[in-house]
Amino acid sequence: MRTIKSGIYVKLEKELLQRKRNESFRSLKQPNQNLIDFSSNDYLGLAKSEELFSLINNTNKKSHTVNGATGSRLLTGNSAYAETVEKNLAKIFKSENALLFNSGYTANLAVLSSIPQKGDTILYDELSHACIKDGARLSLAKRYSFKHNDLDDLEKKISVSTGQLFFVVESIYSMDGDFCPLEELVVLKKKYDAVIIVDEAHSTGLLGENGSGYSSSLGLEKEIDIRIHTFGKAMGIHGACVCGPKTVTNYLINFARPFIYTTALPPHSIVSIDCAFDFLGDHIQLQSELEKNISLFLEQTNGLDSISENKSCIQFAIIPGNASVKSASDEFHKNGFDVRPILSPTVPKGKERLRICLHTFNTEEEITRLAQLLKSLV
């Protein structure tokens with residue numbers, strides 16, 4: 001058996017040491033259950049919902065007696081139930097078809113690594129999630145980033161593009177919490193005969209009828225060629241799906257390696273997806289409850305220069321420097337709030353920040369106290 005030379009460990013340790021010097025070393029920590037949650041992506045509180053928990057488990061007991069999928073969808077991992085859930089999701093997202101994936105990360109890898117071909121060009125927003133960038137790297141197509149939400153810069157990049165154009169964006173960005181100018185992007189799509197791919201991770205559940213996402217809330221679902229919906233944020237569970245024409249989902253089944261060569265979601269996860277959307281349909285008022293909390297936070301922090309002014313549940317406060325933002329986060333922890341620092345290189349140097357996530361279960365008193373502490377620190 002071939003052994004790794006000891007020199008590689010020295011190299012790895014040097015790189016880890018550099019991370020520690022930069023105050024950017026990552027380590028796993030147990031969540032502090034005593035802190036008030038202003039950090040998780042559980043925007044609607046579904047991950048914590050005892051009612052949804054019972055619904056999922058009771059439904060699973062009635063309909064399934066196996067623990068795992070036993071194989072990929074193309075081998076032994078498919079089921080009539082999985083196909084039924086996909087049809088239900090297609091209806092919710094107002095799409096011709098939906099195809100389940102184990103996560104939003106693998107869904108984006110699948111789409112971007114397989115559909116754009118050699119000679120084509122992928123143009124993606126510079127603040128796109130890592131999975132979009134990784135998927136683009138795996139593609140044989142050319143790839144260029146454009147300045148965040150800057151469609152003038154996007155047009156400049158079109159001048160050096162070849163083949164089929166793919167515009168890749170997020171509906172709501174995970175660090176800045178701002179919205180993509182989708183309506184304007186659709187105009188460019190028609191002008192240049194491009195394909196639009198939208199990652200709806202942070203809008204699924206929060207916006208649109210039955211949680212159908214940002215594109216659908218604008219009535220643009222027919223203009224967006226491919227949408228990736230992730231269920232690990234507002235829906236409080238796990239998994240994802242790709243929505244688009246049947247040609248697209250059939251192509252992914254045949255050519256997307258992250259779909260072909262991975263074990264399918266277990267039955268319990270598919271039940272969870274089905275139940276979560278049923279639950280949200282019966283509790284759609286959660287969307288308006290979250291909107292009220294967002295409005296309260298914006299009202300309480302009005303006038304603070306370093307605070308974002310977007311209207312999503314993802315807010316942030318810029319505190320430059322890894323050490324400085326970590327110190328600010330520690331102050332929140334001491335005062336009972338779970339507010340996490342986002343360090344470089346996750347965000348650009350000088351753009352380090354506190355990421356503040358608002359939820360339906362955050363009370364008026366908690367939001368007001370959080371805002372007061374924020375005013376004293378920034």
Side-chain angles (χ1 to χ4, degrees), residues 41-42 46-49 52-93 95-115 129-132 134-135 138 199-201 204-205 210-211 213 226-281:
N41 295 327
D42 186 23
L46 299 191
K48 297 180 174 70
S49 170
L52 177 57
F53 182 87
S54 297
L55 176 62
I56 291 170
N57 286 334
N58 291 336
T59 303
N60 190 60
K61 286 177 184 177
K62 290 177 184 177
S63 55
H64 294 91
T65 58
V66 295
N67 298 318
T70 77
S72 71
R73 291 283 297 277
L74 288 169
L75 292 177
T76 58
N78 195 30
S79 66
Y81 183 63
E83 293 184 11
T84 297
V85 170
E86 286 173 333
K87 290 177 182 176
N88 292 340
L89 292 171
K91 289 179 183 178
I92 290 168
F93 298 126
S95 175
E96 183 179 350
N97 253 37
L99 185 65
L100 285 168
F101 279 84
N102 290 21
S103 69
Y105 203 109
T106 55
N108 275 301
L109 287 185
V111 168
L112 290 165
S113 66
S114 65
I115 294 178
H129 191 271
C131 61
I132 289 174
D134 288 351
L138 290 171
D199 183 343
E200 298 264 17
T204 302
N210 295 318
I226 301 172
R227 286 172 285 151
I228 292 91
H229 288 275
T230 303
F231 311 135
K233 275 72 176 178
M235 298 310 299
I237 45 171
H238 195 62
C241 73
V242 173
C243 289
K246 189 173 183 180
T247 299
V248 167
T249 53
N250 279 343
Y251 188 89
L252 294 173
I253 290 168
N254 280 274
F255 292 97
R257 294 164 75 89
F259 179 86
I260 297 168
Y261 298 110
T262 193
T263 301
L265 284 169
H268 186 274
S269 292
I270 300 174
V271 169
S272 298
I273 294 167
D274 204 20
C275 289
F277 278 97
D278 282 346
F279 185 85
L280 178 59

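For the single chain, residues carry numbers from 1 onward in sequence order. Just so we're clear, the structure is a prediction, and the values are computed from it rather than from any experiment. No hydrogens, no waters, no symmetry mates; every other heavy atom, side chains included, goes into these values.
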### Query
Ignoring hydrogens and geometry, is there a side-chain-to-backbone donor-acceptor pair from Asn60 to Ile56 under 3.5 Å?
no
### Query
Quick check: does any side chain N or O of Thr262 sit under 3.5 Å from a backbone N or O of Pro258, one acting as donor and the other as acceptor?
no
### Query
Side chains of Thr204 and Lys233: does their closest heavy-atom pair fall under 4.5 Å?
no
### Message
Testing the basics here: between Ala110 and Ser114, what is the closest heavy-atom pair and its distance to 0.1 Å?
### Response
O-OG, 2.6 Å
### Task
Apply side chain to side chain contact (heavy atoms under 4.5 Å, CB included) to Leu52 and Leu280, showing your working.
CA-CA 9 Å; Leu52 177 57; Leu280 178 59; over 6 Å; no
#### Entry: Sidechain-backbone polar pair: Arg227 side chain, Phe93 backbone, donor-acceptor under 3.5 Å
yes
#### Entry: Student check: side-chain heavy atoms of Phe101 and Ile228 closer than 4.5 Å
no
### Message
With a 3.5 Å distance limit and no angle check, can you tell me whether Asn97 reaches the backbone of Thr249 through a side-chain donor-acceptor pair?
### Response
no
### Task
Measure across Asn210 and Phe277 and return the closest heavy-atom pair with its distance rounded to 0.1 Å.
O-CD2, 3.9 Å
### Query
Can you tell me if Asn102 uses its side chain to pair, donor with acceptor, with the backbone of Thr263 under 3.5 Å?
yes
### Query
Does any N or O in the side chain of Asn58 come within less than 3.5 Å of the main-chain N or O of Lys62, such that one atom is a donor and the other an acceptor?
no
### Message
side-chain hydrogen bond (donor to acceptor under 3.5 Å, both in side chains) for Ser269 and His238? Distances and angles first, verdict last.
### Response
CA-CA 7 Å; Ser269 292; His238 195 62; over 6 Å; no
### Message
Taking salt bridge (charged side-chain N to carboxylate O under 4.0 Å, His left out) as the cut-off, I'd like each qualifying pair that reaches into residues 66-93, sequence neighbours left out, listed once.
### Response
Arg73-Glu86
#### Entry: Verdict with reasoning, Leu112 to Ile132, per side chain to side chain contact (heavy atoms under 4.5 Å, CB included)
CA-CA 7 Å; Leu112 290 165; Ile132 289 174; 3.8 Å; yes
### Query
If you count the non-hydrogen atoms of other residues, nucleotides and ligands that lie under 6.0 Å from CZ in Phe53, is the total more than 12?
no
### Task
Decide whether Asn57 and His268 meet the rule of one side-chain donor and one side-chain acceptor closer than 3.5 Å.
yes
